[in-house]
Protein chains: 2
Amino acid sequence: MKFERHDAIRELVAHSLVTNQDELRRKLRRRGFAVTQATLSRDIHALRLSKGPGGYVLPSTDVGNGAAENDGPPSVAEVLASFGLRIRQAMNQVIVGTMMGGAQPVAAALDFEEWPEVLGTIAGDDTVLVICADPRRATEVEMRLRAMLES
Amino acid sequence: MKFERHDAIRELVAHSLVTNQDELRRKLRRRGFAVTQATLSRDIHALRLSKGPGGYVLPSTDVGNGAAENDGPPSVAEVLASFGLRIRQAMNQVIVGTMMGGAQPVAAALDFEEWPEVLGTIAGDDTVLVICADPRRATEVEMRLRAMLES
DNA sequence: TCACCATTTGCATACTTATTCATTCGTGTT
DNA sequence: AACACGAATGAATAAGTATGCAAATGGTGA
């Protein structure tokens, strides 16, 4: 599935050095995603990654911009774009994987927005557990979060 | 000269959209720099530019990091790396071109460090004029600033 | 189930970027 | 001036990335 592969790409790029698309292809294959370079070129475009001196990097959106010019706390969309790596669903739960230290801000934003489908959140260092009433609602939330992540 | 070309590349990348190296080559040629793509590949590496969905971009160093964790004001090196685009010298003066709004911070940092060769600075929006006692000292300052810019 | 449409993917290839090697250029020395 | 030597450059080409097109895949409704 494409979205799982995108999640894996974000994780690889965030946590390891990816110099070129063929290297990415080999790393993904070890994780069970066997695709060609052509597909990765398209994925990289979709994920808006950039390539610099240190290989590929996630788009940096820098939510906290020093000068406090926002009235409210950052939105889920902002904070997900900054820290979110991976979204998964199981039963009535959604698991959000983030960059180290990103779980708390994500959970705080979710709490603040008070989505009706969300009963509660628990955040560690790099994982947020989002609890919904039932699988249907969890899928709903997963979709919405995923859309924000793919921005 | 290589450094002038680097300055021009920084300016082009900062102020206009540069999609690929051949486009950069054409834009540079209009400004009087006639070099091949091979040279630009090397320049881009030296300047640590990255290429993303929106063409080439300068390395973002983000001097003001919100959480105030530095004791003193930012150094000339830091602020130049963030805002500096171009360095030129004429007689006993050094002219520093910066990104819009970057001149004041650069001048402030220079003033704070009190370099012996620098008699004074004047800053507009995107240009800092640095005054030295004589051409020799101006060249000295130019060299030092340039080294910081090329980081 | 089957047909149908949209999406995703691979293949082949065009396009873009990096590198090797040889040459030229600039600078300091004899 | 002639020379030596390291830096910079271009030409050719290798390495890496993007894309047109056709085939495969997957979801949907008859």
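In what follows, chains carry the letters A, B, and so on, assigned in the order in which the sequence lines appear, proteins first and then strands, with residues in each chain numbered from 1.
- On the nucleic acid side, DNA chain D contacts chain A at distances under 4.0 Å to non-hydrogen atoms, with the end points of that region at dG16(D) to dG20(D).
- For DNA chain D, none of the residues of residues 134-147 of chain B falls under the heavy-atom distance limit of 4.0 Å.
- One can place CG of L40(A) at 9 Å from P of dG10(C), the figure rounded to the nearest angstrom.
- If you check every strand for non-hydrogen atoms under 4.0 Å, T39(B) touches sugar and phosphate atoms only.
- Going from atom CG of D43(B) over to atom CZ of R48(B) covers 13.0 Å, rounded to the nearest 0.5 Å.
- At distances below 3.5 Å, at least one donor-acceptor pair connects side-chain atoms of Q89(B) with backbone N or O atoms of M91(B).
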From CA spacing to verdict: side-chain contact (heavy atoms from CB on, under 4.5 Å), T127(A), I95(A) = CA-CA 7 Å; T127(A) 305; I95(A) 296 89; 3.6 Å; yes
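- Here the CD1-CD1 distance, from I9(A) to I44(A), works out to 6.5 Å after rounding to the nearest 0.5 Å.
- Considering only residues two or more places apart in sequence or on other chains, R137(B) meets the salt bridge (charged side-chain N to carboxylate O under 4.0 Å, His left out) condition with D134(B).
- Salt bridge absent: E142(A) and R88(A) never bring a charged side-chain N and a carboxylate O closer than 4.0 Å.
- Between L47(A) atom CG and dT8(C) atom C1' the separation is 15 Å, expressed in whole Å.
- Grouping the Ile, Leu, Val, Met, Phe, Trp and Tyr side chains by contacts below 4.5 angstrom, directly or via other members, places V118(B) with F83(B).
- In summary, E140(A) and R136(A) do not engage in a salt bridge, as defined by a charged side-chain N under 4.0 Å from a carboxylate O.
- Applying the salt bridge (charged side-chain N to carboxylate O under 4.0 Å, His left out) rule to E113(A) yields no partners; only residues at least two apart in sequence or on another chain are considered.
- Across residues 19-37 of chain B, A34(B), V35(B), T36(B) each have a non-hydrogen atom less than 4.0 Å from an atom of DNA chain D (numbered order).
- Checked for salt-bridge contact, E11(A) and R31(A) meet the test: a charged N lies under 4.0 Å from a carboxylate O.
- Salt bridge annotation for E117(A)-R144(A): present, with a cationic side-chain nitrogen under 4.0 angstrom from a carboxylate oxygen.
- Going from atom CD1 of I44(B) over to atom P of dT19(C) covers 13 Å, rounded to whole Å.
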Mind running salt bridge (Lys or Arg N to Asp or Glu O under 4.0 Å) on R146(A) and D7(A) for me, showing each step along the way?
-> CA-CA 10 Å; R146(A) 202 180 276 296; D7(A) 290 348; 3.2 Å; yes
Between the protein and nucleotides 20-22 of chain C, which nitrogen or oxygen pairs are less than 3.5 angstrom apart?
residue, atom, partner, partner atom, Å
dT20(C), O4, R42(B), NH1, 3.1

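- Side chains of D111(A) and T121(A): a donor-acceptor N/O pair is present below 3.5 angstrom, by distance only.
- Nearest-nucleotide assignment on DNA chain C puts the 5′-proximal partner with R5(A), out of R5(A) and H45(B).
- In this structure, F3(B) reaches neither bases nor backbone, as no heavy-atom distance under 4.0 Å exists between it and the strands shown.
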